[in-house]
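Computed from a predicted structure; not experimentally measured. The sequence lines fix the lettering, A, B, ..., with proteins before strands; numbering per chain opens at 1.
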Amino acid sequence: MEHYINLAVKSIFVENILLAYFLGMCSFLAISKRVQTATGLGCAVVFVMTLTTPIDWAIQTYLCRPGALAWAGLPNVDLSFLTFIAFIAVIAAVVQLVEMIIDRFSPALYSALGIFLPLIAVNCAVLGASLLQVERGLNLGESVVFGMCSGIGWALAIIAMSAIRYKMRYSNVPPALRGLGITMLMTGLMSMAFMCFSGIQLK
Amino acid sequence: MIQMAAAPAPQTPPKPAAQPKPRLRLLSGADKRTFMDPLSDNNPITRQVLGICSALAVTTQVRTAVVMAIAVTVVTGLSSLVISVMRNAIPSKIRIIVQLSVIASLVIVADQVLKAFVFDISRQLSVFVGLIITNCILMGRAEGFAMQNPPWRSFLDGIGNGFGYSLILIIIGAFREVLGSGTLLGFHVVPKALYAAGYANMGLMVLAPGAFILLGLLVWAQRAHTGYAEES
């Protein structure tokens, strides 16, 4: 249990997927103008990542890894070159599925998230978490925790940034620095602040 | 009257200024604009805000930045070409998934090539080669340009955007490598005398915040130069 909490803290704060690995910057920059939409997108990303990371773990373990097809009597088959296309297909399918399920069971949430759901398929944080868990060789339980907490870390960063950008409306920024420039500088400061968490070990 | 006045004209040779000099040109005017615009005025990173993720992650050294830049340029050019060739056959409802599968197939090829020829750099780039799939430049150019334009121009647009991306990547990579570790392409460029005088490498540049702040400053400089301003 301690091990999982440690992993959770690490992926939310210490190795924040946005502020330390630069993943999901595009939607982070585009959707962080209003707190409400940022919160909606953040929740949707947490949800999708919690599902896709373990599914991609299963695909990797039982389909794509060298020798993974031993259960089907084909121990010499290596499908690892299919990893990317299998992962992105799973992500696109899960996003579509989530969209349909939310539409069926909670129309209110669907209308709140509606436009952002399809965008998640091309969010690099989702694919990035799947690829990182392969690289680190996590097991199933770890991949669930890792996927969910990376999503929470991303949501935390985008919500905080949207709140800061809301306040920024009252300040006089040089014209050429408005928008992307000042947002990058603020992200840099935020990333520096998150570095203070490094070295935290729960033991 | 008019005919009579016009009649003597063919006897004198036409002035050279009246007609453009016939010379071999690879690119017509519009094609050239398609190719050159993304390099500065319409740069994919600083202006269109696409493809930031990998721009920051792979730029701690110039070597990795260059390899990544080449991979992205090739994949962007080819994916624009392929999608443009198929554009009339793609049903609009499933176009995103078709574009994604074209891009993913090309990225798999790029990944295999990198693994075969520059294995150690491919290890350093780790997951970011795979993440070219979700690089917004590819989807952005496929959706915004290749779906409406003929193959040759789409290819030029893809390559041009790839070069615009490469330019920013290499600038950031150079700054981060020189300031962060005192080397450029692996060679020491900061003289020993400076270290002796108390200069130290700036560790921050190698870490994430340095990349964010450097890109912010670069965007500021580029936009101040081109005079573009976002409304806040």
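Atom-to-atom distance recorded for A:Phe84:CZ and B:Ile133:CD1 is 6.0 Å, nearest 0.5 angstrom. Note that the CD1 atom of A:Ile120 and the OG1 atom of B:Thr134 stand 13.5 Å from one another [nearest 0.5 Å]. Note that CD1 of A:Ile85 and OG of B:Ser105 are 4.0 Å apart. Values are rounded to the nearest 0.5 Å. To the nearest 0.5 Å, atoms CG (B:Leu218) and CE (A:Met184) are separated by 10.5 Å. Note that SG of A:Cys124 and CD1 of B:Ile132 are 12.0 Å apart. Values are rounded to the nearest 0.5 Å.
Taking A:Thr83, A:Leu180, A:Val173, A:Leu131 one by one and counting their heavy-atom pairs under 4.5 Å with chain B, the maximum is reached by A:Leu180.
The neighbour count for B:Arg63 CZ, taken as heavy atoms of other residues, nucleotides or ligands under 6.0 Å away, does not exceed 12. Residue A:Tyr62 places its OH atom among 12 or fewer non-hydrogen atoms of other residues, nucleotides or ligands, all under 6.0 Å distant. Within a 6.0 Å radius of CZ in B:Arg123, no more than 12 heavy atoms belonging to other residues, nucleotides or ligands are found. By the neighbour-count criterion of 12 heavy atoms within 6.0 Å, atom CZ of A:Phe47 is sparsely surrounded, having that number or fewer from other residues, nucleotides or ligands. The number of heavy-atom neighbours closer than 6.0 Å to CZ of B:Phe128, taken from other residues, nucleotides and ligands shown, is above 12. Taking a 6.0 Å sphere around NE2 of B:His225, one finds it holds 12 or fewer heavy atoms contributed by other residues, nucleotides or ligands. Heavy atoms of other residues, nucleotides or ligands lying less than 6.0 angstrom from CH2 of B:Trp220 number 12 at most. For OH of A:Tyr4, the number of neighbouring non-hydrogen atoms (other residues, nucleotides, ligands) closer than 6.0 Å is greater than 12.
Residue contact with chain B, scored on non-hydrogen atoms closer than 4.5 Å, is absent for A:Met186. Residue A:Ala92 touches chain B through its side chain alone, counting heavy-atom pairs closer than 4.5 Å. Looking at A:Ile88, the atoms closer than 4.5 Å to chain B (heavy atoms on both sides) all sit in the side chain, from C-beta outward. Looking at B:Ile97, the atoms closer than 4.5 Å to chain A (heavy atoms on both sides) all sit in the side chain, from C-beta outward. In this structure, the portion of A:Leu18 lying under 4.5 Å from any heavy atom of chain B is its backbone and not its side chain. Neither the backbone nor the side chain of B:Asn135 comes within less than 4.5 Å of any heavy atom of chain A.
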| said: Could you walk me through whether B:Val58 and A:Phe22 satisfy the side chain to side chain contact (heavy atoms under 4.5 Å, CB included) test, starting with their C-alpha distance in whole Å, then the side-chain angles of each, then the deciding distance to 0.1 Å, before giving a yes or no? | reply: CA-CA 10 Å; B:Val58 300; A:Phe22 313 102; over 6 Å; no
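Looking at A:Leu177 and B:Val219, their side chains never come closer than 4.5 Å, going by heavy atoms from C-beta outward.
Residues of residues 207-216 of chain B that come within less than 4.5 angstrom of chain A, heavy atom to heavy atom, are B:Leu207, B:Ala208, B:Pro209, B:Ala211, B:Phe212, B:Ile213, B:Leu215, B:Gly216 in numerical order.
Nearest heavy-atom pair across A:Arg178 and B:Arg223 is O-NH1, 3.4 Å.
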